[in-house]
Amino acid sequence: MAYWLLRSEPDVYGWDHLVRDSATEWDGVRNYTARNFLKDMAVGDRALFYHSNTEKAAIGIMEITRAWRPDGEKGDWASVAVKPVEKLPRPVTLAEMKAEPRLAKLEMLRQSRLSVTPLREEEWAVILEMARG
DNA sequence: GCCAACGTTGGC
DNA sequence: GCCAACGTTGGC
């Protein structure tokens, strides 16, 4: 099982939208690096839902429910299907992640503009631990 | 509103 | 194929 972090602007599509929809197609990604990560995802993988922009915090846990399929008529893009698993006990903010030494190598911190990034298993555990306070 | 960090595009 | 110019994104 692999771990991922998916970023979205909460005003556009946030955690509450996902819960209301009970599942969604994670599409519209138009960056090749992010696209490649989408193609690496497998059913059962876990992903953090990160709110960018206004909130800047990881807010919930999702599960990948279907591997990638082509996204859009033009170009070699991909989308996956996800569903919400649970909201984190409390959000883990970007500032907290930056301040945590064990997250120094976190991909989303190193490549802050990527909307889809992988997490190491240890990093996943650290963030969940932080969320539990 | 600004800036840093990328990614993309187009001219050569 | 390289590189400058430009556009986009996210954080501050």
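The analysis underlying the following values was restricted to heavy atoms, covering all of them including side chains, and did not include hydrogens, waters or symmetry mates. Just so it is clear, the model here is predicted, and its values are computed rather than measured. Chain identifiers are assigned alphabetically (A, B, ...) following the order of the sequence lines, protein sequences preceding nucleic acid strands; residue numbering begins at 1 within each chain.
- The NZ-C1' distance, from A:K56 to C:dT9, rounds to 13 Å in whole Å.
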Atom pairs and distances, side-chain donor-acceptor, residues 64-71 of chain A, under 3.5 Å, sequence neighbours left out:
unit_1 : atom_1 : unit_2 : atom_2 : d
A:T65  : OG1    : A:A81  : O      : 3.3
A:R66  : NH1    : A:E25  : OE1    : 3.0
A:R66  : NH2    : A:E25  : OE2    : 2.8
A:R66  : NH2    : A:S79  : O      : 3.3
A:D71  : OD2    : A:G28  : N      : 2.8
A:D71  : OD2    : A:R30  : NH1    : 3.0

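- As rounded to whole Å, 17 Å separates atom C1' of C:dG11 from atom NE2 of A:H51.
- A sub-4.0 Å separation between OP1 or OP2 of C:dC12 and a side-chain N or O of A:K98 is present.
- Residue A:K39 places its NZ atom among more than 12 non-hydrogen atoms of other residues, nucleotides or ligands, all under 6.0 Å distant.
- Between the P atom of B:dA4 and the CZ atom of A:R113 lies a distance of 14 Å, rounded to the nearest Å.
- Separating the CD atom of A:Q111 from the P atom of B:dA4 is a distance of 18 Å, rounded to the nearest angstrom.
- The distance from atom CD of A:E55 to atom P of C:dG11 is 11 Å, rounded to the nearest whole Å.
- Hydrophobic clustering, with ILVMFWY side chains joined whenever heavy atoms are under 4.5 angstrom apart, groups A:L119 together with A:L94.
- One can place CG of A:N31 at 12 Å from P of B:dT9, the figure rounded to the nearest angstrom.
- Between A:E121 and A:R46 there is no salt bridge, since no side-chain nitrogen of the basic residue lies less than 4.0 Å from a carboxylate oxygen of the acidic one.
- Ionic pairing of A:R120 and A:E123 is present here: one or more N-O contacts between side-chain nitrogen and carboxylate oxygen are shorter than 4.0 angstrom.
- Stem regions for DNA chain C, each three or more consecutive Watson-Crick or G-U pairs with both distances under 3.5 Å and listed by first number, read B:1-12 with C:1-12.
- The only option from A:F37, A:F49, A:W77, A:W4 that meets the ring pair (Phe, Tyr, Trp, His ring centres under 6.0 Å) definition with A:W26 turns out to be A:F49.
- Phosphate proximity of B:dC6 to A:R30: absent, as no side-chain N or O sits under 4.0 Å from OP1 or OP2.
- The distance from atom CG of A:L114 to atom C1' of B:dT8 is 15 Å, rounded to the nearest whole Å.
- Ranking C:dG11, C:dG10, B:dT8 by closeness to the A:Y32 side chain, first place goes to B:dT8.
- Ion pairing between A:K83 and A:D21 fails under the 4.0 Å rule for side-chain N and carboxylate O.
- Here A:L94 lies in heavy-atom contact (under 4.0 Å) with sugar-phosphate atoms only.
- Rounded to whole angstrom, the span from the CG atom of A:L109 across to the C1' atom of C:dC12 amounts to 15 Å.
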